[in-house]
Amino acid sequence: MNAILFSAIWGVLMMFCGAFVKSKAVPRYIALTGIVLLFAMNAMELNSGLPLFNIDPAEMLRTNSFNLSFLAIVFGATLFYFLLSGSEVEKVGEHVAEYFALMFFVLCGISLMATFNTLLILFIGVEIMSIPLYILTGSDKRNLKSNEASLKYFLMGCFSTGIMLMGITFIYGGNPNGSFYINNIPMGTGDMPVMIATGLIFLLVSMAFKVSAAPFHFWTPDVYDGAPTVFTSFMSTIVKAAGFFAFLRLFEQVFGVMHAQWQMLIVVITAATLLIGNLTAVFQQSVKRMLAYSSIAQAGFMLLALFALNDKAKEGILLYSAAYSLSTIGIFAVLLKMEDYTVDGFNGLAKKQPILALVATIFLLSLTGIPLTAGFQAKFYMLMAAVENGQQFWLVIFAVLMAAVSAYYYFRVIQAMYFKEPGTSSLVNSAGNSGFQALLVVLAILILVLGVYPEFLIGWMYHL
Amino acid sequence: MDIKAYIALSLVLFSIGMVGILMRRNAIIIFMCVELMLNAVNLLLVAFSKMHAVGEAAKALPTVASDAQIFVFFIMVVAAAEVSVGLAIIVMLYRNTHSIDVNFLNRLKN
Amino acid sequence: MNNVLDIVWLIPLLPLIGFLVNGMGRKVLPKSVSGFFGSLVVLAAFLLSCLVFIQVKNGQTHTAHLFDFIRIDSLKIGFEFTIDQLSSLFLLIITGIGFLIHVYSTAYMHDEPAPDFAKYFAYLNLFVFSMLLLVMGGNLVVMFIGWEGVGLCSYLLIGYWFKKNDYTNAAKKAFVMNRIGDLGFLLAIFWLIAKTGHVDYQTIFSQATLDKLSQADITGITLLLFLGATGKSAQIPLYTWLPDAMAGPTPVSALIHAATMVTAGIYMVARSHALFSLAEFTQTIIAITGLATALLAASIAIRQNDIKKVLAYSTVSQLGFMFLALGTGNYVAAVFHVLTHAFFKALMFLGSGSVIHAMGGEQDIRKMGGLHKHMKVTSITFFIGCLAIAGIPGFSGFFSKDEILAGTYAHAPWMFALALFAALMTAFYMFRLYILTFTGTFRGSEEQEQHLHESPSAMTIPLVVLAVLSVVGGYIGIPAALGGNHWLAAFLKPATGEVAHHLDHGTEYALMGISTLLVLASIGFAWFKFKSYQAEDEPTGFAKILVYKWYVDEFYDAAIVKPIRSVSGIFDRLIEKKGIDGFVNGIGRAVNYGGRQLRWLQSGQVGAYILLMVIGMLLLFIIQFYL
Amino acid sequence: MNITTLLFIILSVVAAFAGIMMITSKNPVHSILWLIVVFFAISGHYIMLNAQFLAIVNIIVYAGAIMVLFLFVVMLMNLNADTEPVKNYRLRLIGVISGGSLLLVLLAALMDIDKQQLVQMNVGDAGLIKELGKNLFTNYVLPFEISSVLFLSAMIGAVIIGKKQ
Amino acid sequence: MLGTYITFPELLIWLPLLLGIISFFTSTGKAAKNLALAGSFLVLAVSVTTLFYTDIQAHHKYNNVNYYWLKYIGNSFNIGIDSTGRLLSFLTALAFPLIFLGTYRHDMKNAPAYFGLMLLAQAGLMGVFLAKDALVFYFFWELALIPVYFLCSQWGGEKRIPVTFKFFVYTFVGSLLMLIGILYVYQHTAARVFEDGTSSAHSFALAHFMNAQLTATEQNCLFWLFFVAFAIKMPIFPFHTWQPDTYDQSPTPVTMVLSGIMVKMGLFGVIRWLIPIFPEAADKFDSIIIFFSITGILYASAIAWMQDNLKKLVAYSSIAHIGLMCAALFTGREMGVQGMMIQMFTHGVNIIGLWLVVDMIERKTGVRQISQLGGLASRAPFLTIMLVVVALANIALPLTNAFPGEFLMFAGLFQFNTWYAVTAGIGIILSAVYTLNMIQKIFYGETNTVTSTVGDISWNEKLTLAVIVLIIFITGVYPQPLIDLTRDALPMIVTK
C-alpha cells in the first residue's frame, strides 16, 4: 500500500516539478530520490508487514511478502533503470519531469496490479499502467515511428481492454456469489461452468496480450521498436514483469483449482510464443528489435510458470522478473550508448570499451541462461516448476530447444563485440563515463550474485 | 427477459465492434468500434448485476448489483481517459502525416 | 649369481640399453662407438643366451615373473619370461645371428652419416629386444608386445631410407599387413581370456584349461592365431609385404625378413602346439596354406630378376614349408627348418648384400654375372647356401627339409608330391640366381666392373661363420633313418611334444633318394638353361604372370584397397558433409528459414494484427469448448 | 409477447442496426451519429434493467461528451468519405468471417447455460444514485481515488502529445 | 590446516579460478604467461599430492567438502575427489602445464585474457570431475564450456565464429536436455534433511539421485536425455560433426583442452552419473550404444584416411578412439570398463602430445595440408621422433600407454559380443593406415619448398614432448598404478 500511495504522490510531485522547474537534470534527481524512497517504503512494509497508512477499507488490496517482494524487485530494477538510463530520458523531449511523472504513474499501476484483490483493481491497475505507456511510446513526437508505435499500441491496447472487460463480465456473471473479489469466486472441482470458461479465455487473451504472448504479441516488436529506446527499456522489462505477475496471481488465485482444465490453452500459447519469439528474433538485424522479439521469447519461458502453477513457479516468476529485468535494463543501457543499433554497430566493442563489452556479455549470457548468471537460475526454476507439474513433458523439452535457439541471436551480439573488427560506428560520449560504467559493473555483479545465490531473493518471499 | 437474450445482444454488439475494427482503416472509426465493444460489456455487466440482484447471490451479498454498476461507472471513467489520450495521439499523427489511415502505418514491420 | 636363469631379464635388457644409448646419443656418438656398442650388447646377450641354453639343456626351465603388467580382478597379466627348450633355442638364433649381422652391418652401413648410422643400430637393437620379448614372453600378451615390437622395427628399418617414397610405402605396407595379422592374434587372445580368463602359457596350455574349451573355441582360437602367424610369417594371404620389404638395408633383410622375425609365426604355433594339436581343421588349413604359399612363392621366384626379391620369395616359400610341417603336426621339423633356414638364408642375404655392395647398389641379376672371380669368399659361401637350401645331402637344409617332406608324406602323399615340386623349383631358382650372378660374363657397365671388389672382413667373416653353420647345422637333427638320434627332437620334446609321424626307414630312404635325384636334375636343368644367359625379351603367357607375381598385389588393390578408399570417400564427402553435417546445418537453416517466414506475420498492419489475435482467440475457444 | 419483450426487441434491433450502420458508413460523421444511436439504445436497456443512474451517465458522458469530442476531432481533420478508400475485400471478408465465427462459437457455447433467471422490470433499487453513491464512497473509495491518477496521466498525455512543438 | 580449513577439491577448483581472475588483471602478456605457467604447476603439485591421499576412510576429510548452498531446493556445494575423478582431475592438472609449456613461445594477442580464460576452463573442468551434486555438476559442465567458447572464437582460425558457435549450440542443446533430465530425476528423489535441521522436498545429491524412484519407462527416457548430452560432448557418431571443424578452427592449445580433457567429460558423465543412476536402462541400451560407437570407429577412421587437413585427421582419429572408449564403457565388463578408465588418461596425454606436434608443424611450415608437407624428418629429426612415438602410442602399440587400455577394452568388448569386437578391431588396422600415411606424407620423402627451411623445435617444446613421451612409456610399461587409482569406481558400473 505504501507503494501505491507514494508512487501516486511522487508522480504528482514530478508533475508539479515539470511546471515549475526549468532545468533538465533536476527532475532526474527528484525522480531518483523518489524511487529510492519508494523502495525504502516498500522495504519497510515488506519488513514489518504493515503499511504506513491503511487506504483500503474494503480489502481490495492484498499485501503479502510475495507481492511485496515482487514490488521490491520492480523498484530495484527501476532504480537501476533511472540510474543507468535516466540521463537518456532528457534527450527524448522537453517534458522530462512529465516523463518521470508518467513512469511513477506506471509504477502506481504496477503496484495495483501486484496487490489487487478484486478484478476492479486489476482492471484499473492495468489501465493506469497502460495509458502512460501509450503516451511514453509516442513521446518522441517528431519521429513518425514513435507516432506510429503509439497509435498501434493504443488501438490494440484498447481492444485488449475490451476483451479483458468482457472476461471480467463473464466471470462476474458466472460467479454465483456475484463478487469481483478474487477470493470470492468459488471454483468447484467439477467441470468449469461455461461462463467461467468464457471469461477465463477472454482474460487469458487480454493478459497474454499484456505480456506479449503469441498470437497476441504482434504489437510488441513494432511498439518496442518505435518507442524511444529509453522507454522501450522500461516497457520491455519492468512493465512486462508486472504483467506476468498479475497474470500469474490472477490465474493462480482465481482459476488455480481448475488448472488441469485450461492447462492446454497455456500449453498452446507457450509453445507458440517460444517458437515465434525465438525464430523471428533470429532474423533481426537491429539489436533493439531483436530485444523486442527476445522479450517475446522470454515471455514464452515465463509462461511456463502459468503452465506449472506451483510454488516453484511463484519463486521462479520472482527470480525471472529480477533476472530478466536487470539483464535487459543493462543491455538497453549499453545499447543507448550506441549510435548504430544494428548488430554490426557492436562490432569490435570489446576493443574500444572492454568494460562495456564485458558487462554487455554478462547481460546477454544471463538472457541466454548460462549458469552463474541470474538468467540461468530463473530459467532453472521455471523448468523445475514445469517438470514438477509433470504434464506435457514435451513442452519442457521444446522450451530448452528454443532456449538453445535463443543463444543464436544473443551470441551474435557477443560475437560482434569480441570477435569482429571495430567498425566505423562510434559511441555516445557518455559511454566512457566512469560512473556509468561502475554502475553497469555493479549491475553485472548483482546478476552474478543472483546467479550464484538466488535464495536470498526467494527468501523474501517467505519472509512474512 | 432471459439473461441469454442479453448475453446474445451483448455478444452481437461486441462482435460488430470487433468486425468493425477488422474492416475499417480509419483510426477514429476503429477507436469508435472499441467504444462500441466497451458498451457491449457495460450492457452485459448491468444485465448480470440484475441477474444476481434477483438471484441467490443478493442474499449473501447485498451490494452485488451496485458493485457491478460501479464497475460500469469505472469503465466509463477509464474510457473517458482513454479517449482523451487516444484522440491526442490521433491528432498528433494527423499533424505529422495528414492521414489517419492505419494502413499507412507500416514503417515498423517484420 | 647362482643361476643364470635368475637374470634372464638381462638378455632383452641389454639390447634395450643399446637402443637407448644409440638412440639418445645418435648425434654425439661417432660411428665406431655406436657400431661397436650396438654389436657388443647383442654379443653379451648371445653369451648369456649360451649360458641359459646350457642350463636349459641340463633340464632346467624357468619362468621369471618381473612385475604385474595388468592386474584386475578378472584378469592378471604378468610381465613374465619363460625359458624353456623352445625359447632358449630361439634365443640362440636371434642373438647369434643377430650378432653376426650387427658385425656385418658395421661395414655394410659404413657410408651412412653418423646420426643415421647410430639410428640404424638403435633400430637393430630395438628389434633384437622386441624379438627377445617375443620368444621369451611367458604369456601371450608379452609375446604380443614383442610381436608388435618387431613389426614396428621392421617398419622402421624398411623405411630406413625415408626419402624414397617406394621404400616408405613398402614399410607402411609391411606394418599394415602385419597389423591385420596382429588383429587375428589379439582376437585369439581375447577369445582365450573370455573363455579361460588367463593368458599365461602354463595355465592356458594345461589340460584343465584345455578341457574347458569347446572344439569350436579351439578351432576359432587357433585359426585366429594362425591368421596372426600368416601376417608375421608372410603366408597367403598376407605375404605380399615381404618381397616389398626388401627396400630395407640388406642386413635387415637378412636378420628380420629371413632369419628371425618372419619365423615368429612358426614359433607362436609351435609354442601353442597344445592347442593346435587339438584343432584338426586348423591343422589342415595350415598345411594347405603353407603348401600353397611354398608353391606360389617358388613359382614367382623363378622369374624374378632382383637378387633380393628372389631371396625374399624364396623365404616366403621356405616359410611355407615350415607351416606345412606345422600343419602336419611336425613341430620339431618346423623348428629345425627355422634353425637351418636362419643359417643359410641369412648367409645368402648377407651374400647378396656383399654383391650389392660391390655392384654399387645394383640389384638386378641380369646386369651381373661372373662375379665369382672378383669376390671369391662371397661366391663360395653363397654357393654353400644354395646347396643347403636346395637340400643337397650333407648340408643342413637337407636334413630339415627331408624331415618336413617325410612328415608330409606320412600325413598325405599328395601333399608330399606338391611339396617336392616346390622343393625342385627352389633348387631351380636358387641355382638360376647363383649362375646368373656369379658365373658367366659380366653384363653390367664398365664402371661397375672396375669397381668390383671383395667386401671387407667385417662382412666376409659373418659369411664364413654362417656358411659353416649352414653346413653343419643340420647335424643336430639327423633322423633315425640315417643312423642319428635326432638330438633336436629329443631336446625339444618337453616343449613341443612327440613327433607325430613314424615312417619306416625304407620309405624314408626312398623319399630321400627321390628328392635328391630330382633336385640334382633340377639344378642341372638350371645350369643348362642359364649358363650362357643373354638378355631376353619381355616374357609372355604364363611367364608374364609369374613376372607380375600372379597379379596378387593388383588384385588386392582392386578388391580391397580401392573399395575401402571409395567407401571412405563416400563417407567423407557424402555422409559426413552432406548427410550428418548437412542435417545439423539443415536444422540451423530451418530455424533461419522459419524465422524469415514468420517475419511476414509481422506485417506492420494493425488490422492484420488484430485479425490474427481474433483468430487466435477463436482457436482458444475451439480448443477449450470442442477439443 | 409482453411489453418488456417488445421493448427489448425494439431496442436490440435498433442497437444492432445502428452498430452495423456505424461500421459500414463511409462518412465518419455518419458513423459517429450512428454510434450515438447505439448509445441511446443501450441507455434504453439500462432503464429497463433499473440502472437509471448509468442510463443518464451513459447519455451524458458517452453520447454527450465523448462523442462530441470525436465529432470535434473529425471535423477538425475535415475527414470525409473520400479519405478512406475501400479496403481490400478479401481482408474484409476474412475479418467478417472470423468475427462472425467467434460470435457463433461463443453463442453456441453460452446458449447452453441452464440459468434461467429472468430480468424483470421494476425490481430492485441498486441502480439508484443513493445506493451507488453510498457504495462508491465507502467500499470503493480506493479505486475512486486512484482513478484520479488515470486522469492525471491523461492530462499529462494531452500536454506532452497534444502540445505543438 | 588441510582438511580443516581447506581441502584438496577446493584447492583444485579455487586455485585456477583465482589465478584466472588475477590473470585478467595482469598488465603484460609475459606476466600473464608466467603466472599461468607457475599457477598451473602449482595446481599440478596439489593434484599430485592428492594421488597419495587415496584412502577412502582415513583421508575422507581431505578429499570431501560439503557447503550449504541452495537449501530450498536440496542442493549443497558438494565436491570430492575419488577414483575416476581423481584420475581425471590429475589429467586436467597435468595437461595445462604441458600445454602452457609446450606453447610457451606463442605470442597470443591479448594474453592476459587468453590465460585467464584457460585457467577458468581448468577450474570448470576440475569442477565437473569433482562434483558430487547434480546441480553443481551441471554448473561446472556449462562453466567449462563458456571460456572454451570464447577462447575458440577469439583466437581461432578464419571460420572460427560460425564453427565454434555450432560447437557451442550443439553442446548447449545437449546440456539443456541433461538439465531437464536432472530435474526429472530430482522430482523423484527422497527428501533431504540438512545438518542444521532445514529440509527440502527433494535433493540434488548424487547419493539421492542413485536411489531415485523411477519406473522402467522413466529410466529409459531419462537415460537418453542424459546420454545425448554426454554423447555430444564425447562425441560419438552421429553426434560428432561439430568436432572436426572446431578442432580445426580452434587455436591449438584450446584444441588440446578440448580433445584432451573436455571429451572426457562425456565419458566421465556416463561413469559418474548415467550408469549409476539408470543401471537398468544402461543395461538395456548397451547394445545400441555400442553399435553406434563402433560404427563411429570405422566411420571416423575411414574419413580420417581421406583427410588432407592434418588437424581434421587428428580430430577424426580422436572420434574413433572415443568411440572405442564409449563402447568399452557400456560393455559393463570389468575389463572393458577398467581399460576405458585408464584409457581416458592415456588418450588425454597422447592427444595433447599429438596436437603439440601438429601445432609445431603448422607453426613452422605455415600449412596444415598434409599433401603440401614432406621430408620434415631430415629437417626436424627430434620433432619426427616425437611425433612417431606419439602417433604410435595413439595407435596403441604395445609398451606405449594406450596399449593396456585398448587391450582391456577390446577384451571387454569381446566378452560382450564377439562380432562387435571383430568389427571394432578393423579400426585398429585403419588407424594404422591413416597414421602411417600421415607420418609418411609429413616426414618422409624429399623436402619441398614449404619444408626446406624448417628448423627443429625449441627447448621448451622439446621438454614438453619429452615429458609426454616419458609418461607414454612409463604408463605403457607399468600401467598398474592407473588401474589401482580407478578401481573404486568399478562396482557402480560393472554390471555383468
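Naming convention: chains lettered A, B, ... in sequence-line order (proteins, then strands); numbering from 1 in each chain. For the numbers below, each heavy atom of this structure counts, side chains included, while hydrogens, waters and symmetry mates do not.
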Measure [X] against the heavy atoms of chain B and call it side chain, backbone, both or neither at under 4.5 Å.
X	answer
D/Met155	neither
D/Ile32	both
D/Leu103	both
D/Phe8	side chain
D/Val96	both
D/Ser147	side chain

Residue selection (most heavy-atom pairs with chain D, distance under 4.5 Å) from [options]:
options	answer
B/Val77, B/Asn39, B/Val64, B/Asn42	B/Asn39
B/Met92, B/Gln69, B/Glu35	B/Gln69
B/Ala81, B/Gly17, B/Ala65	B/Ala81
B/Val83, B/Leu43, B/Leu36, B/Val85	B/Leu43

Tell me the closest heavy-atom pair linking [X] and [Y], and the distance in Å.
X	Y	result
D/Gly99	B/Val19	CA-CG2, 3.9 Å
D/Ile161	B/Arg95	O-NH1, 4.2 Å
D/Ser31	B/Arg24	OG-NH1, 4.3 Å

Is the shortest heavy-atom distance from the side chain of [X] to the side chain of [Y] under 4.5 Å?
X	Y	answer
D/Tyr140	B/Asp67	yes
B/Leu13	D/Ile42	yes
D/Leu132	B/Phe73	no
D/Pro28	B/Ile28	no
B/Cys33	D/Ile23	yes
B/Tyr6	D/Leu49	yes
D/Ile20	B/Ile16	yes

Rounded to the nearest 0.5 Å, how far apart are [atom1] of [X] and [atom2] of [Y]?
X	Y	atom1	atom2	result
D/Ile129	B/Ser66	CD1	OG	13.5 Å
D/Thr24	B/Met23	OG1	CE	7.0 Å
B/Ile29	D/Lys26	CD1	NZ	11.5 Å
D/Phe72	B/Leu87	CZ	CG	11.5 Å
B/Leu11	D/Leu104	CG	CG	11.0 Å
D/Ile36	B/Met32	CD1	CE	8.5 Å

What part of [X] lies closer than 4.5 angstrom to a heavy atom of chain D: side chain, backbone, both or neither?
X	answer
B/Ala5	both
B/Met18	side chain
B/Ser15	side chain
B/Leu38	side chain
B/Ile90	both
B/Ala53	neither

Exercise for the section: Could you check D/Leu110 against B/Lys4 for side chain to side chain contact (heavy atoms under 4.5 Å, CB included), going step by step and ending with a plain yes or no? Expected result: CA-CA 8 Å; D/Leu110 287 165; B/Lys4 281 194 224 170; over 6 Å; no
Tell me which of these, [options], has more heavy-atom pairs under 4.5 Å with chain B than the rest.
options	result
D/Leu54, D/Leu150, D/Leu102	D/Leu54
D/Tyr46, D/Phe53, D/Phe144	D/Tyr46
D/Pro143, D/Ala65, D/Ala158	D/Pro143
D/Met77, D/His45, D/Glu131	D/Met77

